[in-house]
Amino acid sequence: MSRYNPREAEPKWQAAWAERDAFRAHGPGADSPRPKYYVLEMFPYPSGRIHVGHSRNYTMGDVVARYKRARGFDVLHPMGWDAFGLPAENAARDRGVHPGQWTYDNIAVMRDQLQRLGLALDWSREIATCDPDYYKHQQAIFLKLLERGLAYRKTAKVNWDPVDQTVLANEQVIDGRGWRSGALVVQRELDQWFFRITDYADELTDAIDGLERWPDKVRTMQSNWIGRSRGAEVRFPLLDADLAARFGRTIDVFTTRPDTLFGASFLALAPDHPIVKALAEDDPEIDRFCHECARMGTSEEEIEKAPKRGVDLGIKVRHPFDENWEIPVWTANFVLSGYGTGAIFGSPAGDQRDLDFARKYGLPVTPVVLPPNTDASTHTIEDEAYTGHGTIYNSKFLDGLPTEDAIERAIEELESRELGKGATSYRLRDWLVSRQRYWGCPIPVVHCSDCGVVPVPHDQLPVKLPEDVTFDHPSNPLERHPTWKHVDCPECGKPARRETDTLDTFVCSSWYFLRFASPFSADKPFEAGDVEHWLPVDQYVGGIEHAILHLLYARFFTRALNDSGLMNMAAGEPFAGLFTQGMVTHETYKSAEGKWLSPDEVEYRDGKPVEIATGRPVTVGAIEKMSKSKKNVVDLDAFIESYGADAARWFVLSDSPPERDVEYTDSGVEGVWRFIQRLWTTVTALPETAPGPMTEADIASGEALDIRRSAHKALKSVTESIEGFRFNSAVAQVHDLVNVLRKYEPADPVGIAAKAEALGILVRVIAPFVPHLAEECWSRLGGEGLVIDAPWPEADPALLVEDTVTLPVQVNGKRRAQIDIAKGMPEDEVKSVALALDGVVRATEGLTVRKVIVVPDRIVNIVAG
RNA sequence: GCGGGCGUGGCGGAAUUGGUAGACGCAUCAGACUUAAAAUCUGCCGGCCGCAAGGCCGUGCCGGUUCGAGUCCGGCCGCCCGCACCA
């Protein structure tokens, strides 16, 4: 019996698909009227080689692409390279190879690997973001945003990564450390470029509700990240006329609880608030305090442990609702300059931090919110603030109002006195996009001492990166380049300085999905008609690690480009459906010397892991996601060489639900190999003279009918599983069908025809998962053309319904018997049959039957007591 | 602290509107074929009692709703993820 040989079959079918240009997307203006479907996996960073872990993401997208194609859609399934980034510069430094060379070499290797995986990609649309043909459009987009005021330059306190020698966006700082280097980030005042993402904070929040095909988790994370909170801005008039003259008439404060204004006992300003800074110049105590705060770390732990501290600034403000009420102003270490106005009013009874602070410094504590079902005469605040809602008291005109109403009433009063207004505050900051790195998209402006910031004229784009750069120093090679930055001002012609910052690589990935829809446009980033046709992406597949950064930036970009007139994308949202897939994990190994070992350096001898090269024992570590740093990767080429691409595809989809991690094990892979061979044997067991698989078998009864039923039922459930992104269930259902078919050995023509039909269904159903094996089987079965061109089969409804059904019979909720009945048997009849069953008689002995519940064709429950 | 998710055999997991808990796969064990091994095939496989028929228990814990709960409700416990002195 012949075995299925993927090494022969896979290249053969890949060549057949390529020859037909089978996966080219057609798009607007095509003759075919097929509806569009855009499926996209987050494009890879070309870091070296693809391992089995990476392949899961692409395989999931490919299943969707091939399935939708079989369903008659015009599918756009492109691939490209997120090719700018710091690792290329590190490689340049460590190995003396140019970042561009390193990147393009990696791309060549990885493209080849993806092609061997048999992905149904339209390679004619391939893009690399480091290609001047890509980044020139990005520069044009930048200039458009600059023109619209959505890109701007300002001096700001920014996150500086001392290892990577560059600034980072807030989103790229995790627990006070740089997301790539892991170095503690320091704050620096620098002149930097920003995108005005905060202009869209409201829209980006509101639209989250409409993202119905996104995971709830991601939606929540985005919403929390933007962090919209509604409340009021309150202006506290400064009492000292001198101070008012210096700092403005009022100190402004943001609060979500203006209803608690009558509980105010102090104001607290951030240590780097302008007023505090000014006062610190004359007051050594304030100055010392500010310096201490600046030194304090930003890590979670330090913040948690740091006690509330502050210094009385010695100035006073007036309460907005009471001419005679003076409130002291402090500076405090728990007030953040970056949020709201950098100042708060302390309402100790309703906020734990304010309470801790007030208790420490002996400031008054007046409860103003009465919790529900509490007596005003006995309610007191000791060491625990009441932060909930309730009824307002001790608050003059707000007394008796529920807190929600009091918030509105207080805002009205503030507005009528012109001492405040309703306001919204956000956690989100503007996106810092400039990086002091070489391998990125140059920001296309020139700094002229006379004309200021001057955009590079369109006909001079792209501003190309210079080739002759060195990486012998950690600072920006563009800055150090002897000539590159020296240019004449495009406006006045005088000597000027080219901008040496490049754009954050997340800018490249904020619009690549638009370029995929229109990759052939030479003069424009994209043709509006193309993106309006293809977008939104119907199904986006990627890792959860991009839940905030990339997805938020892309949502912002789509809106900014819409508003800039470059397109008019009705949906507004770039990604209609999002799926965040789990990782492939693997055991980790460490040698006797404590070095990480890759799985192919380790083997088990007598059940004990040893290092093959030395024979010494190996320590097995945690099961973690495959990553280069831990070396627990299985190279895709090596895997394909041994088991084939289909085995890799089938494996990464088996067992675990797609959104969860799946563990790579050798035995699991062996299981996949067995399955592939069994499937092949099942197909080849059918006589070659059997009628083609498209033949409708004319069968009404017996085993042959059961076979047809099994096939049509499996077809229905696999289809539903694919639609619902439950690939592991689809795999199990296919296993089931194969188990049924391989045991069925028909002798007569009717049975053979039924099996042929069932196999024909099976092969078309597995085609999105294991496309090469499916082609080989299709060909063996005598199917017409290629299986990729065969339409998705339709389940025959008549074969999905059984004429008999097995009914479990319960007594008091416990299963005691079962009966086979004709479907749709009248309830009375079911009842009497059920009551006569042996098991039921035994279980009801000595009891009175009180009630019989019959759920038609599902279950019988007899209540007895 | 706030927000989101999860908890089912030795393991990964299935059970989508409440209706036979454990599909499918992996591992282990037993058997067939073989001189032997590999490969392949067959079978058992949640726990306890029983020769068997069968019975009892069982989806993190406690309680509730229901004829019936892995699924719904309330309260705990544990784990994972995100955010965090955010006013």
Side-chain angles (χ1 to χ4, degrees), chain A residues 1 3 174-175 215-225 227-229 231 253-257 260 268 270 298 300 302-308 332-336 338-347 350-354 356-357 387 425-428 544-545 547-548 651 654-657 659-663 665-672 674-675 677-678 681 717 720-721 724 726 728-739 742 806-818 838-839 842-843 850-855 857-865:
Chain A
M1 191 189 320
R3 291 177 53 95
I174 296 137
D175 282 342
D216 284 344
K217 182 186 172 113
V218 176
R219 303 202 303 175
T220 313
M221 281 167 73
Q222 293 237 335
S223 176
N224 290 345
W225 186 265
R228 174 165 72 189
S229 50
V253 155
F254 175 76
T255 178
T256 55
R257 295 296 296 271
T260 64
T298 46
E300 185 181 324
E302 286 175 273
I303 288 165
E304 200 77 22
K305 277 189 293 196
K308 310 279 170 280
N333 61 349
F334 65 93
V335 183
L336 305 173
Y339 185 76
T341 61
I344 61 154
F345 81 85
S347 189
D351 183 291
Q352 193 59 45
R353 289 158 311 175
D354 295 353
D356 294 346
F357 192 78
T387 56
S425 194
Y426 305 91
R427 218 185 70 94
L428 183 70
I544 187 75
E545 68 273 18
I548 295 172
F651 177 81
S654 300
D655 290 342
S656 288
E659 67 277 13
R660 249 184 262 177
D661 289 350
V662 63
E663 191 194 342
T665 58
D666 290 335
S667 54
V669 174
E670 295 295 337
V672 167
R674 270 199 296 275
F675 163 76
Q677 294 302 336
R678 266 206 300 261
T681 328
S717 50
E720 286 169 359
S721 293
R726 291 183 300 273
N728 58 323
S729 295
V731 165
Q733 289 145 359
V734 168
H735 269 288
D736 244 346
L737 179 59
V738 172
N739 285 342
R742 62 198 271 259
T806 304
L807 227 53
V809 181
Q810 300 179 328
V811 176
N812 291 334
K814 291 200 168 109
R815 200 186 73 92
R816 295 297 176 193
Q818 60 182 40
D838 277 355
R842 220 179 306 126
R850 300 194 193 282
K851 201 169 164 189
V852 178
I853 290 144
V854 178
V855 183
D857 299 335
R858 282 219 94 134
I859 202 167
V860 180
N861 192 11
I862 294 156
V863 187

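Values in this document were obtained by computation on a predicted structure and should not be read as measured data. The figures here come from the full heavy-atom set of this structure, side chains too, leaving out hydrogens, waters and symmetry mates.
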Taking only the [atom1] atom of each, what is the distance from [N] to [M] in whole angstrom?
N      : M      : atom1 : answer
B/rG19 : B/rC72 : C1'   : 14 Å
B/rU66 : B/rG55 : C1'   : 26 Å
B/rC6  : B/rU59 : C1'   : 14 Å
B/rU71 : B/rA14 : C1'   : 14 Å
B/rG25 : B/rG75 : P     : 41 Å
B/rC77 : B/rG60 : C1'   : 7 Å
B/rC80 : B/rG13 : P     : 16 Å
B/rC45 : B/rA27 : C1'   : 11 Å

Tell me if a side-chain donor or acceptor on [X] pairs with a main-chain N or O of [Y] at a distance below 3.5 Å.
X        : Y        : result
A/Arg257 : A/Thr387 : yes
A/Ser223 : A/Arg219 : no
A/Asn333 : A/Pro307 : yes

Remember a base hit wins even if backbone is also touched, and classify [X] as base, sugar-phosphate or nothing at under 4.0 Å, heavy atoms.
X        : answer
A/Val335 : base
A/Asp354 : nothing
A/Gly340 : nothing
A/Ser667 : sugar-phosphate

With sequence neighbours excluded, what pairs up with [X] under the side chain to side chain contact (heavy atoms under 4.5 Å, CB included) test?
X        : result
A/Asp661 : A/Met583, A/Thr585
A/Ile859 : A/Pro808, A/Gln810, A/Val855
A/Ser654 : A/Trp650, A/Val731
A/Arg427 : A/Trp225

Only pairs with both distances under 3.5 Å count, Watson-Crick or wobble alike; so what is the partner of [N] in this structure?
N      : value
B/rC6  : B/rG78
B/rU28 : none
B/rG1  : B/rC83
B/rG70 : none

* For A/Asp351, enumerate each residue passing the side-chain hydrogen bond (donor to acceptor under 3.5 Å, both in side chains) test, keeping only those at least two apart in sequence or located in another chain. => A/Arg353
* Asked: A/Thr255: what forms a side-chain hydrogen bond (donor to acceptor under 3.5 Å, both in side chains) with it, not counting sequence neighbours?
  ->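 A/Thr255: no side-chain hydrogen bond (donor to acceptor under 3.5 Å, both in side chains) contacts found.
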* Parallel, tilted or perpendicular: rings of A/His735 and A/Phe675 (30°, 60°) -> tilted
* **Shortest non-hydrogen contact between A/Ser229 and A/Phe254, atoms and distance** => O-CZ, 3.5 Å
Considering only [options], which nucleotide approaches the side chain of [X] most closely?
X        : options                : value
A/Pro657 : B/rG82, B/rA87, B/rA14 : B/rA14
A/Asp655 : B/rC24, B/rG12, B/rA87 : B/rG12
A/Thr255 : B/rA87, B/rC83, B/rG25 : B/rA87
A/Ile859 : B/rA23, B/rG13, B/rG19 : B/rG19
A/Trp225 : B/rU20, B/rA87, B/rC83 : B/rC83
A/Ser729 : B/rA14, B/rC85, B/rG25 : B/rA14
A/Arg427 : B/rU20, B/rA87, B/rC83 : B/rC83

* CG of A/Asn812 to CG of A/Asn861: how many Å apart, nearest 0.5 Å? ->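 The CG atom of A/Asn861 is 7.0 Å from CG of A/Asn812, to the nearest 0.5 Å.
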* To do: Could you check how far CD of A/Gln818 sits from P of B/rA21, rounded to whole Å?
  =>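 From A/Gln818 CD to B/rA21 P: 11 Å.
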* Separation of A/Tyr339 atom OH from B/rC85 atom P, in whole Å? ->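 Answer to the nearest Å: 12 Å.
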* Specify the glycosidic conformation (syn or anti) of B/rG54, with syn defined as within 90° of 0. =>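 With its glycosidic angle more than 90° from zero, B/rG54 counts as anti.
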Give every pair of a protein N or O atom and an N or O atom of nucleotides 66-72 of chain B that lie under 3.5 Å apart, one pair per line with the distance.
residue	atom	partner	partner atom	Å
B/rC67	O2'	A/Asn861	ND2	3.0
B/rC67	O2	A/Asn861	ND2	2.7

* Asked: So, do A/Ser721 and A/Gln733 sit near enough that their side-chain heavy atoms are less than 4.5 Å apart?
  ->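 Yes, close enough: below the 4.5 Å cut-off.
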* With the side chain counted from C-beta on, respond yes when A/Asn728 and A/Asp655 share a heavy-atom pair under 4.5 Å apart, and no when they do not. =>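 When only atoms from C-beta onward are counted, A/Asp655 and A/Asn728 do not touch, as no gap falls below 4.5 Å.
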* Protein proximity profile, nucleotides 54-60 of chain B - base contact B, sugar-phosphate-only contact S, no contact -, cut-off 4.0 Å on heavy atoms -> SSSS---
* To do: List in chain and number order the residues that pass ring pair (Phe, Tyr, Trp, His ring centres under 6.0 Å) with A/Phe357, two or more places apart in sequence or in another chain; answer none if no residue qualifies.
  => A/Phe266, A/Trp330, A/Phe334, A/Tyr361
* By ring pair (Phe, Tyr, Trp, His ring centres under 6.0 Å) - contacts of A/Tyr426 (at least two apart) -> none
Please enumerate all protein N or O atoms sitting under 3.5 Å from an N or O of nucleotides 41-43 of chain B, with distances to 0.1 Å.
residue	atom	partner	partner atom	Å
B/rC41	OP1	A/Arg742	NH2	2.9

Are there any protein N/O atoms within less than 3.5 Å of an N/O atom in nucleotides 2-9 of chain B, and if so, which ones and at what distance?
none

* Asked: Hey, does the side chain of A/Asn333 come within less than 4.0 Å of B/rC85's phosphate (OP1/OP2), counting only N and O?
  ->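 Negative; the distance criterion is not met.
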* Would you kindly compare A/Gly342 and A/Thr665 by the position of their nearest RNA chain B nucleotide and give the one closer to the 5′ end? =>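 Looking at the nearest nucleotide for each, A/Thr665 comes out on the 5' side.
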